[in-house]
> 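The structure is given below, and queries will be raised subsequently.
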Amino acid sequence: MKAKQLNEIREAVRAMSPLVHCITNPVSIHSCADVILASGGRPVMAEHPKEAAEITETAQALLLNLGNITDIRMASMRCSAEAASRRQIPVVLDLVGIACSGLRRTYATQLIRDGIPTVIKGNYAEIYALGQEAYKSAGVDADGTLRTEDMAVEVTALAKRYRCIVLASGAVDIVGDGKGCCLVNNGHPQLSRITGTGCMLGALTACFLTVEQGIAAAVTACAVMGICGELSVTERGNGSFYTNLMDSLSVLPPKELEKRLHITEEVYEEV
């Protein structure tokens, strides 16, 4: 996948200024809104069950994030998912915490059963938990013992099973569509030192899905987040890194993406 295609997706979003409806957690809601704004989109963060579907119907993409789950958001997500299905609006389902919570895993499975999202997203542990029922992890962090090679096979299997795009975020982000995988080798460990970068990646993915509903939308999100993370590294501390990250997301030059982009494409057979 070429940098030119990714930059064209970014430019299309800025030209369109799409509305992205996010039902997400209060831990990262502000950051998710900011990354959509930085990319040229317009965020709306409505979660009341009596208005969620109505607002989804006016949006160009929907993000459902399972972090810090509540009964209210569970009801709203179901209503909005149904509305998105009726209107053929692309949906990102971010599987936050399903590796450590039976409630979230069961709920995510129900959402997928009722209507396959355009993109299923999670960190390595969350994507592995979706495919391997017996697997369990502590907390919402990625599992460092899961190898990229094994996760690429898992991503491919899930993408084939659900006939959708699957994004597994980690030191190397993996995006698969059932035919093959793109491995995005951009990023920096400092991204894991601030809250919600995984949630921000989900919001970016939803934003880019408004103009491109193939695998390139999720790849663009991974590349942009990773490269902006590299550009934002600082020794001043987490607060300065967060500010730098938002600045980088707002003004990332196309030539900088071309220079730093590190993607490999592989074909993985399900075992």
> Would you say Asn123 and Ser169 make side-chain contact, with heavy atoms under 4.5 Å?
yes

> Any side-chain donor-acceptor pair under 3.5 Å between Ser101 and Tyr107?
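No, Tyr107 and Ser101 have no side-chain donor paired with an acceptor closer than 3.5 Å.
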
> Kindly indicate whether the side chain of Ile29, heavy atoms from C-beta on, has any atom under 4.5 Å from the side chain of Cys22.
no

> Considering only heavy atoms from C-beta outward, does the side chain of Met225 approach that of Leu245 to under 4.5 Å?
yes

> Do Leu257 and Val251 share a hydrophobic cluster, counting only Ile, Leu, Val, Met, Phe, Trp and Tyr and linking them when any side-chain heavy atoms are less than 4.5 Å apart?
no

> Quick one about Ser248 and Ser232 (side-chain donor to acceptor, distance below 3.5 Å, no hydrogens or angles considered), yes or no?
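Yes, a side-chain donor-acceptor pair sits under 3.5 Å.
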
> How about Ile69 and Met77: do any of their side-chain heavy atoms sit closer than 4.5 Å?
yes

> Just by modelled atom types, is the Ile227 backbone N or O under 3.5 Å from a matching donor or acceptor in the Asn186 side chain?
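Judged by distance alone, no pair lies under 3.5 Å.
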
> Identify whether Ile89 and Ile116 are in the same connected component of the hydrophobic contact network (ILVMFWY, side-chain heavy atoms under 4.5 Å).
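Looking at the clustering, Ile116 is in a separate group from Ile89.
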
> If we only count heavy atoms from C-beta on, is the Thr148 to Tyr124 side-chain gap below 4.5 Å?
yes

> Begin with the C-alpha distance, continue with both residues' side-chain angles, and end with the deciding distance and a verdict on side-chain contact (heavy atoms from CB on, under 4.5 Å) for Lys179 and Thr156.
CA-CA 7 Å; Lys179 301 172 185 176; Thr156 300; over 6 Å; no

> So, do Val13 and Pro18 sit near enough that their side-chain heavy atoms are less than 4.5 Å apart?
yes

> Please report the shortest heavy-atom distance between Ser76 and Pro49, naming the atom on each side.
OG-N, 3.1 Å

> In terms of hydrophobic clustering (I, L, V, M, F, W, Y; side-chain heavy atoms under 4.5 Å; direct or indirect links), are Leu158 and Leu183 co-clustered?
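Yes, it is one cluster - the side chains of Leu158 and Leu183 are joined through contacts under 4.5 Å.
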
> Salt bridge check, Arg14 against Glu11: does any charged N sit closer than 4.0 Å to a carboxylate O?
no

> Which heavy-atom pair separates Phe241 from Thr234 by the least distance, and what is that distance?
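Minimum heavy-atom contact is N-CG2, 3.6 Å.
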
> Tell me which pairs pass side chain to side chain donor-acceptor pair (under 3.5 Å) where either residue lies in residues 40-50, with sequence neighbours left out.
none

> For the CD atom on Glu51, are there more than 12 heavy atoms of other groups (residues, nucleotides or ligands in this structure) within a distance under 6.0 Å?
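Above 12, so yes.
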
> Can you get from Tyr162 to Val155 by hopping between Ile, Leu, Val, Met, Phe, Trp and Tyr side chains that sit under 4.5 Å apart?
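Cluster IDs for Tyr162 and Val155 match.
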
> Let me check something: do Leu37 and Val224 share a hydrophobic cluster, defined by ILVMFWY side-chain heavy atoms less than 4.5 Å apart, either directly or through other members?
no

> Tell me whether Asp94 contacts the main-chain N or O of Val92 through its side chain, where contact means a donor paired with an acceptor under 3.5 Å.
no

> Check the pair Leu130 / Ile112 against side-chain contact (heavy atoms from CB on, under 4.5 Å), numbers first and verdict last.
CA-CA 11 Å; Leu130 182 64; Ile112 294 169; 4.0 Å; yes

> Using a 4.5 Å cut-off on heavy atoms from C-beta on, say whether the side chain of Asn68 contacts that of Pro26.
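A side-chain contact under 4.5 Å exists here.
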
> I'd like to know whether Leu231 forms a side-chain contact (heavy atoms from CB on, under 4.5 Å) with Asn244, so could you lay out the CA-CA distance, the side-chain angles of the two residues, the decisive distance to 0.1 Å, and finally the verdict.
CA-CA 8 Å; Leu231 292 169; Asn244 291 347; over 6 Å; no

> Give a yes or no on this: more than 12 heavy atoms of other residues, nucleotides or ligands lie within 6.0 Å of atom CZ of Arg193.
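No, because the 6.0 Å sphere around CZ of Arg193 holds 12 heavy atoms or fewer from other groups.
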
> Once you round to the nearest 0.5 Å, how far does NE2 of His262 lie from CD of Glu230?
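That separation rounds to 10.5 Å.
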
> Which atoms form the tightest heavy-atom contact between Thr205 and Ala221, and what is the distance?
OG1-CB, 3.3 Å

> Is there side-chain contact between Lys2 and Glu8, with heavy atoms separated by less than 4.5 Å?
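Side chain of Lys2 against side chain of Glu8, heavy atoms only: no contact under 4.5 Å found.
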
> What's the shortest heavy-atom distance between Cys181 and Gly176, and which atoms?
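For Cys181 versus Gly176, the nearest heavy atoms are SG-CA, 4.1 Å.
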
